[in-house]
Structure formats: C-alpha cells, structure tokens
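Below you'll find the structure, written out as structure tokens, and then a few comments.
Both ligands and their constituent atoms are indexed starting at 1 by order of listing.
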Amino acid sequence: MSLQLIQRRLSRVILILMLGVSLAQKNSFPDGFLFGTATSAYQVEGGWDEDGKGESIWDHLMHTQPNFTEDGQNGDVACDSYHLYKEDVRLLKELGVDFYRFSISWPRILPTGQVDNINQAGIDYYNNLINELLNNGIQPMVTMYHWDLPQWLQDLGGWTNPLIVDYFEDYARTLYENFGDRVKLWITINEPQIIQLGYSLPDLLAPNLNKSMVGWYLVGHHILLAHARAFHLYDAHYRAAQNGKISISMQSPWFEAKTNSAEDIEATNRALQFFLGFFAHPICSTEGDYPAVVRQIADNISKADGLTRSRLPYFSNEMVDYVRGTFDFFAINYYTSMLVTSGNSAGFLYIKDAQVEYFDDPSWPKTCSGCFKMVPSGLRKLLVYIKDNYNSPDIFITENGMPDHGILDDTVRIQYYKNHLNEVLKLIHEDGVNMLGFTAWSLMDNFEWKKGYTAKFGLYQVNFSDPARPRTPKASATFMQDIFRTHQLPEEDVSSEKQ
Ligand code: BGC
C-alpha cells in the first residue's frame with residue numbers, strides 16, 4: 001500500500017472517529033452532571049399531626065377553610081410518604097436517579113418553629129429517609145423550607161416578622177447538626193417569589209393574607225436575610241467539616257418582549273428585575289442590593305402614595321455585603337415563558353408597580369387544557385441570561401415539569417422533557433453554561449396546592465382513592481429512566497435547530 005493511500009485511509013478513520021465523538025457529545029450529559037426528581041414535604045408526606053408534628057400554615061389553612069382548594073382536598077394524607085418513604089426510594093432506585101430533592105417540614109422537627117422543643121420522631125423520620133437513600137446510592141438534596149411554616153410562627157407574623165431571620169437560623173442549625181454529616185446539597189428556601197404571593201394576594205396560597213405590595217416587599221426582604229443567615233452559619237461552623245453546597249431555588253419564567261420596540265424591551269427588563277432580579281441581584285450580582293429599577297419604582301410609588309418611607313426596606317451597606325455571594329451554585333426552577341409589553345396600571349401587585357402586561361404567545365403549545373404553555377427555548381434563553389448577568393455561575397435546574405390530568409400514557413410529558421433536555425444539551429455544548437444537574441418535578445403525582453389533586457406532575461401516578469396510595473409508573477417514567485441511567489438523550493431525539 002502506498003504511503004499516500006495509508007494517509008488517506010488514516011484521515012478517513014480519524015474523520016469518522018471525530019464525527020462519532022461529536023455526535024456522542026451532542027446527546028451526552030457530561031461526567032458529574034446529576035439527574036434527579038423532586039417533591040416537597042406538604043405535597044407528599046401526609047401524617048400531618050403524627051408523632052408530635054406541629055401545625056403548619058398549610059394544615060391551618062386547609063382545616064379552617066376546607067373549600068380552599070379546587071377539589072376541596074388537602075394534604076392530610078397526600079401520598080402518605082411519611083409511611084411509604086421506602087417505597088419512594090424504591091421508585092427512585094428503579095428510575096436510576098443520582099439524587100432526590102425533598103423538603104423537610106419545619107413543624108415536624110420543631111412543632112412551634114423554635115428550638116426549645118425538638119421533635120425526635122421528626123428527626124428520626126428524616127434520618128431514615130436520608131439513610132435509605134444513601135444505602136441505595138442516591139444523594140439527598142434537601143430543601144429546608146418549601147412553604148410549610150409552623151403556624152405558631154405565623155401567629156407572630158411569619159415572614160413579615162423580622163425575627164423570622166433568627167428563627168430560620170436556629171432551624172438551619174438544627175438541620176446541619178442532625179443531617180449535615182450526610183447531606184451535601186442544601187436549598188435554603190424554595191421559590192421566594194411564590195412565598196411572597198401568599199402574603200400579598202387572597203385565595204392563592206397559605207397563609208392567605210391580602211397585604212398587597214407591603215407584604216410582598218417585606219416578605220422578600222426577610223427571606224433574603226434569612227437565607228443569607230443560614231448560608232453564613234454554614235460557612236462559620238459547618239462547611240469545613242461537612243463540605244456541602246448551599247443555594248436558594250429561585251423560580252422564573254423567561255420574559256420575552258412582545259415586540260422589538262424599545263418600550264417593550266424596557267418593560268421586559270422591568271418584569272425580569274421585579275421577579276428574578278429581586279432575589280438574584282442581591283445574592284448573585286457583583287454589586288448586590290436590589291436592582292436599581294426596583295428600588296427606584298418602589299420608592300417613587302411609596303412617596304406618591306403619601307408614605308414617609310419606602311415600602312421596600314433598605315439594606316445597610318453592611319447588609320448588602322452580607323447577602324451578596326451567599327450561593328455556591330445558581331438554583332433555578334423553570335416551567336414556562338411569557339410575552340411582555342409595557343402596561344398601564346391595570347395590573348396588580350408587582351405587575352402594576354413594574355407597569356407591565358403579560359401574554360401567552362398563541363403559537364406556543366399548551367401542556368394540557370387549562371395548563372401553561374410549553375416553551376423549551378425559554379429555558380435556554382433564561383439560563384444564558386443568568387450566565388451573562390451573574391458572572392457565569394454553576395447552574396442547577398432544581399425543578400422542571402408539566403401538569404396534566406393524570407394519564408398513564410403521558411406522551412406530552414415525554415415531549416416536554418425531550419424538548420427541555422435538548423435545550424440543556426445546547427446550554428452545555430453550545431452556550432458554555434456550567435450545568436450541574438437537572439431535576440424533574442415531580443417523582444409522583446401529589447398535592448398541587450390551590451389545585452388540590454386536579455393537576456398532576458408525576459412520573460409515577462398515585463391512586464389517591466386507595467388508602468394504600470399505590471404508585472404506578474407512567475410512560476414518562478420509562479422514558480426518563482433511560483436518560484437517568486445512560487446520561488444521554490436518545491440520538492433520534494436530539495435536535496440542533498432553535499425551538
Ligand atoms: C413548586 C412546586 C409545585 C410546582 C408545580 C413549583 O413552583 O415548587 O411545589 O408543585 O411548581 O406547580
């Protein structure tokens with residue numbers, strides 16, 4: 001064989017190998033990328049008053065206003081994970097996840113919210129769950145607060161009481177002390193923006209207060225301080241020995257300008273700053289503190305309304321520094337997107353303050369009738385925005401998923417995850433975003449807050465009319481199992497075009 005021929009053959013082999021590698025890379029999630037599913041305590045545990053657990057604001061709301069939810073149901077039993085946690089871990093193992101994100105019920109551990117009464121049965125329950133996970137090779141990712149505040153603390157004002165920052169620090173200390181030897185991924189608070197709504201609008205979420213923007217700003221301010229306190233506590237006393245990572249899970253839609261007009265683009269920025277920026281700017285930006293546009297609008301409106309001080313409390317310079325940088329990774333929950341235009345004063349809450357209006361794009365498909373729109377491209381745009389605006393942080397998607405009415409053959413959910421995971425691959429391979437992991441919401445159908453059991457997000461179906469609460473895998477569980485186990489999206493599902 002001539003030297004030329006050998007060279008030609010060799011370069012062909014190299015070309016084929018390179019093509020193979022790039023295809024493999026395109027549909028592969030990198031080494032160390034973590035896949036998991038999530039739930040939260042009130043949504044799955046049940047056992048609402050068992051073994052010394054205290055009353056939470058959700059228990060209280062459900063029992064004092066039994067028709068609050070769309071189906072008149074509550075979370076007293078939910079998926080009964082308080083008794084069936086071993087079955088949950090079996091499902092997780094069957095799925096092949098790397099981690100499980102669950103939350104701890106504050107009043108199960110501290111019935112009044114304070115540390116003078118620690119409920120050992122509650123500590124035992126979470127120890128059992130954590131150990132069961134670890135024994136099955138599954139890492140726990142623990143959310144400290146997923147909306148179920150002890151009612152006792154709510155009676156003292158809940159998140160509007162400045163002392164909540166101290167109470168939260170004590171609670172966090174209890175968790176680090178009891179579980180920190182085994183828990184290496186912590187989320188302090190889930191979706192602060194949604195907690196704000198429970199204090200601002202009626203008929204939506206516990207504690208069901210109607211304190212408008214006064215509640216909204218105040219609750220947001222204290223959440224930022226409480227989160228920072230828990231982070232610094234870990235730094236000062238636990239990080240060296242326990243070596244975990246901490247963040248706060250923010251939720252945001254992608255806000256897309258309805259037109260290219262300067263007005264709509266500015267309005268879109270205001271929407272983003274009032275929602276994502278309200279928490280991300282103080283914690284994750286270089287400058288810290290509230291976004292300038294939020295501060296300016298809040299101050300102006302407060303003044304125009306005849307108040308002597310702004311509804312949005314101020315951070316001292318020292319507090320700006322204290323809150324800034326309190327994250328080891330950027331944790332984000334993404335579900336859908338919205339179109340934005342500059343609006344007048346017809347809106348409510350921060351939508352009114354920000355002077356914006358939201359729309360759906362009619363071309364975006366719905367996930368189910370009466371449900372939100374499926375906009376996978378928004379996930380990519382949101383995460384690129386986070387990369388560009390918050391110094392390229394490591395990013396963990398701590399929730400992504402869609403509701404339907406509970407069918408087993410959930411082909412739309414398969415399509416939803418296919419599309420969103422495709423965007424994650426583009427973020428990794430084309431946008432240079434440092435992606436740490438992806439969390440499917442949810443492991444199983446569960447109590448969906450105001451909607452009761454009418455909206456289902458699970459990979460597993462739960463039969464809520466059977467006292468044994470049997471779980472059955474949906475088609476999406478089989479689809480995700482393949483991805484979780486191989487860390488690859490099937491090649492035929494990879495699309496490179498923008499969606
Ligand atoms: C929350 C979950 C909720 C899910 C679906 C997220 O905002 O963290 O508790 O079930 O959305 O609505």
- Message: Any salt bridge linking Asp59 with Lys53? Criterion: basic side-chain nitrogen under 4.0 Å from a carboxylate oxygen.
- Response: yes
- Item | Pair Arg108 + Glu45: basic N to acidic O under 4.0 Å | yes
- Message: Using 0.5 Å steps for rounding, measure from the CZ atom of Phe479 to the CZ atom of Phe484.
- Response: 10.0 Å
- Message: So does Glu94 get a backbone contact from the side chain of Gln481, meaning a donor-acceptor N/O pair under 3.5 Å?
- Response: yes
Contacts table for ligand 1: protein N or O within a distance under 3.5 Å of ligand N or O, distances only.
{"from": "ligand 1", "atom 1": "7 (O)", "to": "Glu191", "atom 2": "OE1", "distance (Å)": "2.4"}
{"from": "ligand 1", "atom 1": "7 (O)", "to": "Glu191", "atom 2": "OE2", "distance (Å)": "2.8"}
{"from": "ligand 1", "atom 1": "8 (O)", "to": "His146", "atom 2": "NE2", "distance (Å)": "3.2"}
{"from": "ligand 1", "atom 1": "8 (O)", "to": "Asn190", "atom 2": "ND2", "distance (Å)": "2.9"}
{"from": "ligand 1", "atom 1": "8 (O)", "to": "Glu399", "atom 2": "OE1", "distance (Å)": "3.0"}
{"from": "ligand 1", "atom 1": "8 (O)", "to": "Glu399", "atom 2": "OE2", "distance (Å)": "2.9"}
{"from": "ligand 1", "atom 1": "9 (O)", "to": "Gln43", "atom 2": "OE1", "distance (Å)": "2.8"}
{"from": "ligand 1", "atom 1": "9 (O)", "to": "His146", "atom 2": "NE2", "distance (Å)": "2.9"}
{"from": "ligand 1", "atom 1": "9 (O)", "to": "Trp449", "atom 2": "NE1", "distance (Å)": "2.9"}
{"from": "ligand 1", "atom 1": "10 (O)", "to": "Gln43", "atom 2": "NE2", "distance (Å)": "2.9"}
{"from": "ligand 1", "atom 1": "10 (O)", "to": "Trp441", "atom 2": "NE1", "distance (Å)": "3.2"}
{"from": "ligand 1", "atom 1": "10 (O)", "to": "Glu448", "atom 2": "OE1", "distance (Å)": "2.6"}
{"from": "ligand 1", "atom 1": "11 (O)", "to": "Tyr335", "atom 2": "OH", "distance (Å)": "3.4"}
{"from": "ligand 1", "atom 1": "12 (O)", "to": "Glu448", "atom 2": "OE2", "distance (Å)": "2.5"}

- Is any NZ, NE, NH1 or NH2 atom of the basic residue among Asp404 and Arg413 found under 4.0 Å from an Asp or Glu carboxylate oxygen of the other? yes
Side-chain atoms of residues 203-213: list all donor-acceptor pairs with protein atoms under 3.5 Å, sequence neighbours left out, distances to 0.1 Å.
{"from": "Asp203", "atom 1": "OD1", "to": "Lys450", "atom 2": "NZ", "distance (Å)": "3.1"}
{"from": "Asn208", "atom 1": "OD1", "to": "Asp203", "atom 2": "N", "distance (Å)": "2.6"}

